[in-house]
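What follows is one structure encoded as structure tokens, with my remarks underneath.
All values reported here derive from a predicted model rather than from experimental measurement.
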Amino acid sequence: MNDAVIPELELLAFSFLSGVICFFAYDLLLVLRIFFRPSWLFEKAEDILYWLAASIFVFSVIYVKNSGVIRAYSVFGMLAGMILYRVLMRDRLTAFSEKRSDAIRKWFKKKTEPIRKKKMELKNKRRQVKIEKKEQKNLKRQKRKQRREEKKKE
């Protein structure tokens, strides 16, 4: 095989692999969304950050492997990697995560139960302190009011 073809085949292989990595990373992002359910705005911000990171990753692969020269076959290699990943995986990772999400949430809830209890205790304690302060203020007001009324009577 010609020595000039080997670097081109490496670039094609790395391009294909970077396409697979990009879609796998996006599937991981979708799995995180299953567990944490972000708001619409936060979801769009995640998408923008993901595609920014993916573009930097793809550019770095092209830059390192081919000195920044974009070749059509490297772009097609990335697309082929993305398509093959999508065809083979066909949302298996996200479907598995959706099936297991309830079990994982229950496990996570069980592990974080002491933290949530402590948090609730602190919250209730703060509420109680606020209530006590309000009661003290009301008592002080009533005492002042009584003194004023006593002074008026005298």
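No side-chain heavy atom of Tyr85 sits less than 4.5 Å from a side-chain heavy atom of Ile21. Using a 4.5 Å heavy-atom cutoff, the side chains of Lys123 and Arg127 are in contact. Counting heavy atoms from C-beta outward, Asn138 and Glu135 have side chains that stay 4.5 Å or more apart. Here the side chains of Arg33 and Leu28 are not in contact, with every heavy-atom distance at 4.5 Å or above. For the pair Val69/Ile62, no side-chain contact is recorded, criterion being any heavy-atom separation below 4.5 Å from C-beta on. Using a 4.5 Å heavy-atom cutoff, the side chains of Ile83 and Arg86 are not in contact.
Listed by chain and number, the residues in a ring-ring contact (aromatic ring centres under 6.0 Å, His included) with Tyr50 are Tyr26 (sequence neighbours excluded). Take Val129 and apply the side-chain contact (heavy atoms from CB on, under 4.5 Å) test, not counting sequence neighbours, and it matches Lys133.
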Point to revise | From CA spacing to verdict: salt bridge (charged side-chain N to carboxylate O under 4.0 Å, His left out), Glu113, Arg116 | key: CA-CA 5 Å; Glu113 186 68 28; Arg116 283 188 282 117; 2.8 Å; yes
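Proximity of a side-chain donor or acceptor of Ser74 to a complementary backbone N or O of Ile70 within less than 3.5 Å is not detected.
The pair Lys109-Asp102 does not count as a salt bridge, with every side-chain nitrogen at least 4.0 angstrom from each carboxylate oxygen.
With side-chain heavy atoms closer than 4.5 Å counting as contact, directly or through intermediates, the hydrophobic cluster containing Leu41 also holds Trp40.
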